[in-house]
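Since this is a predicted model, take the numbers as computed values, not measurements. Below, each value reflects all heavy atoms present in this structure, side chains not excepted, and no hydrogens, waters or symmetry copies.
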Amino acid sequence: MTVPWVEALPWTVVLPLVGAALTPAVAARRPRVAGYWAWGVLLVTTALASGLVVELALRGPFSYALGGWAAPYGIELRFDHFSAWVLPLAALFVVIVPFSWRYLDHVMPAGRLPAFYALLLLNCGGMIGFCVTGDLFNLFVFTEVVALSSYALVAVGGRGLAAYAALKYLFIGAVSSLLMLFAVAQLFVMTGSLNMADVAARLAELGPGVPVMVAFAALAVSFMVKAAMFPVHVWLPDAHAIAPSPVSAVLSGMVVKIGIVGMLRVYQIYYGAGVLELGPFNQALVWLGAISIVMGAFFAVFQDDIKLMLAYSTISNIGYIVLGLGLASPYAVIGASVHVFNHALIKATLFLAAGAIIHQTGYRTLSDLRGVARSMPQTAAAMAVGAVSIVGLPPTAGFVCKWFIALGAFEANQAPFGFALVFGALFIFIYYIRMVNAFYFQQPVHAAVAEARDVPLSMRGPIVLLATLCLILGVLGGIPLSFVEPAVLDLLPAWGP
Amino acid sequence: MLLFGLDLDYVAVIVLFCVGLYMLVAKSNLLKKLLGLNVMETAVFAFIVTAGMIEGGDPPIMVEGTSAPFASPIPHAMVLTGIVVAVSVTAVALALIVQIHAHFGTIEVDELKELP
C-alpha cells in the first residue's frame, strides 16, 4: 500500500501552528508540560517532513491544492527541492527544544514557558509554510508569522534592553515586509495572479518593463533585509545576542534563511519568466556578499562577548550564501543552497554550546571565560568542532559548501571572488582561534569558571549530537549536494541541461 | 488624471509612503516611529485597494440584478489579511514600547542611546 504523502503536505504546516495555539491550554495547569508538548508536536512534524522528502526523492516535486481549489485560483502548496529544507529545519527544532527545557529555568519565570513554546512552534510552522507555499500572498503571510514570532522571541527572555533590541528588529523587519507586500501587489496588478508559476508564465507574456523591475527590486531588498546582508544588517547583532541562546540558534540558523529561500523563489519566478536581465543584479549580489563576509568577520574580531561574536559571524556566512547565489554558476548555487542548511547546523551547535557555557558560569565574554574547557570539556569540545566547521576546514560540514562556492567562482570566471572567499575564511579563522585559545590554553580568572560543572544530559546531549553531525556531514557532504543539484540546474537557464 | 506620468492615486500612495518612511527614520519618539510605520502600511493597503477598482464594476456579490464587469474581490481579501497582520505588528510593538518605558523611563531614542 502506498501512503498518499501529498496529503501530509498541509499537515506539516498546520500541525505546528495548531500546536502553538493549543500550547497555553495544554500547559494551563503545569507550565513545564509546554516543553514536552512542543517537542512531541515537532517530532510528528519532522516525521511528516521526512516522509515528504522521501516522496520528493522518489517521485520528484509535487503540489497540493488547498481546499480543493486548483491553482492558479486556489492556494497551491508546492514541495520541490528547495522546500526540502523543511526537514532539517524541523529536525533542528527537535534538537533545540530539549536543550531549552533546563536552560530556560534561569531565563524566565515558569509562567512564561507556555508562551515561549507557543512562539517557538509558531516560528517553526511559519517557516515550514514559507518554504512549501506556491502562492505569493501566502508567502507574505508566512513571512509575517515568522517575523512576528521572532520579534516576540527576542524580547521574551529579558526586559528593557531585550525589548529595545526587539523593537529595532521589528521596525526594520516591518518595513521589509511592507516592501514585500508592495511587490506582491505590484505583481498581482500586472498579472492578475498570485500563484508563483502562473505569475512567471504571465510575466513572460507581458515582457520587460519598469514595473517588472520595480517589483523585483522591492522583493530583493526585502529579502536582503530579512537575510541581514551587509548594508542592512544593523538589526541582527543586538537581537541575536540578547535573545535566550536556543532562540539565538533559531534566529541565526534558520530565520535569516527566510531571506535566502525567498530569494531562491524570486529567482524561480524571474529566471522562469526571463523578462529581466539579472546579470547586473547578480554582480551586485556577488559584491555585497563579498563585503558581508569581510565586514562580518571584521566586526566579529573586535567582539569580546561570545554571543555577539557568533551573531556577526552569521553576517559573514550569509555573505557566503549570497555570494554563491550571485555567482549563478551551478557549483556556486549548489554550495550556497546547501550552506543554508549546514550553516544552520553549525550555528545551532555554536549558540547552544555558548548558551550552555553562559548558563553554567554566568559569564559571557572571552576574557571572563578563559580556561572554561577544563571544567566543561564536552561543551568546549563541541564549540571547538563548531568553530573548525564554520571556518570551513575539512573534514567538517562547513568545508564542502565553501569549497563548492569557491569552485563556482572559478567556474563563473570570477576567480578574484574565489580568493576573496578564502581570504574571508582566514579572517574568520582568526577570531575563532582566539576563542579556542581562550577556552583551552589560558588560566581561568574566575572561580565560577574553574569550578563550573558540565551541563546536565538534556542540554549536553543536543550539543554533542549537533557537533557530531557537523563532523558526519563533513564526510557525507556529497549527499545534500547531489540532492539539490537537479533543482539548481532547473533554476539556472544558461547552465541547464 | 495623470501627474508626473503616473495615475493620481499612485502619486498619493508614493507620497503617503514617503511621509511614513520619514517619520519612521527621523522621529526620535518610538510611538511616533510606530505611527510612521502605520502610515506606510496604509499607503501599501491603498495601493492594493486601487488595484481592485474596475470602471463601472459591480460588487462581486451574486444577487439579482448584478452583472459583469465585477470589481476584483482578491485585493479586498489581501488588504483584510494585511490589516490583520498590521494590527498584530502594532500590538507587539506597543507591548515592547510599554516594556521599554517601564524599564528605562523614556521612549526617546536619543535618550535611550545614552543609557549604558
Side-chain angles (χ1 to χ4, degrees), chain A residues 72-73 75 115 119 122 135-138 140-156 158-195 210-211 214 218 239, chain B residues 5-6 10 13-14 17 20-21 23-25 30-31 33-34 36-53 72 74-75 77-79 81-82 84-107 109 112-113 115-116:
Chain A
Y73 303 107
I75 294 172
L119 285 170
L122 214 53
D135 182 273
L136 277 171
F137 192 70
N138 217 226
F140 163 75
V141 173
F142 280 123
T143 319
E144 283 293 40
V145 171
V146 178
L148 266 173
S149 51
S150 309
Y151 310 146
L153 279 171
V154 169
V156 76
R159 311 195 68 83
L161 273 179
Y164 189 38
L167 193 64
K168 280 193 279 187
Y169 180 16
L170 182 146
F171 280 144
I172 298 180
V175 172
S176 86
S177 301
L178 268 184
L179 278 177
M180 181 176 168
L181 180 61
F182 165 75
V184 169
Q186 175 78 52
L187 287 173
F188 174 74
V189 170
M190 285 186 297
T191 63
S193 176
L194 286 169
N195 183 284
V210 175
V214 170
Chain B
L6 281 172
Y10 288 161
V13 162
I14 292 169
F17 191 88
L21 189 61
M23 282 170 78
L24 182 65
V25 174
L30 291 176
L31 269 180
K33 278 178 184 283
L34 181 60
L37 185 67
N38 283 332
V39 171
M40 287 171 79
E41 279 161 355
T42 311
V44 175
F45 295 156
F47 172 71
I48 302 176
V49 168
T50 55
M53 162 75 184
S72 168
I74 297 178
M78 284 166 75
V79 165
T81 316
V84 173
V85 168
V87 167
S88 332
V89 171
T90 309
V92 172
L94 286 175
L96 292 174
I97 292 175
V98 167
Q99 267 201 5
I100 291 170
H101 186 260
H103 196 261
F104 296 114
T106 176
I107 53 169
V109 171
L112 283 168
K113 269 184 194 149
L115 294 167

Inter-residue atom distance B:F17.CZ - A:L179.CG, 0.5 Å rounding: 5.0 Å
Under 4.5 Å between any side-chain heavy atoms of B:Q99 and A:L167, yes or no? no
Can you tell me how far CG of B:L96 sits from NZ of A:K168, rounded to the nearest 0.5 angstrom? 12.5 Å
Can you find a heavy atom in the side chain of A:L181 that is under 4.5 Å from one in the side chain of B:F45? yes
May I ask you to test the B:I48-A:F188 pair for a side-chain heavy-atom distance under 4.5 Å? no
Measure the shortest side-chain to side-chain distance between A:F171 and B:L30 over non-hydrogen atoms and say whether it is less than 4.5 angstrom. yes
Proximity breakdown for A:V175 and chain B, heavy-atom pairs closer than 4.5 Å: both
With rounding to the nearest 0.5 Å, note down the distance linking CG in B:L37 to CD1 in A:I172. 11.5 Å
Less than 4.5 Å to any heavy atom of chain A: does that hold for the side chain of B:V44, its backbone, both, or neither? side chain
Identify which of B:V109, B:V89, B:V84 forms the greatest number of heavy-atom pairs closer than 4.5 Å to chain A. B:V89
So B:H103 and A:L161, do their side chains get closer than 4.5 Å, heavy atoms only? no
Please state whether the side chain, the backbone, both or neither of A:Y164 comes within less than 4.5 Å of a heavy atom of chain B. both
With under 30° as parallel and over 60° as perpendicular, where do the rings of B:F47 and A:F182 fit, or are they tilted in between? tilted
Is A:L148 close to chain B through its backbone or its side chain, or both, or neither, when contacts mean heavy atoms under 4.5 Å? side chain
Would you mind reporting whether A:V189 and B:T50 have side-chain heavy atoms less than 4.5 Å apart? no
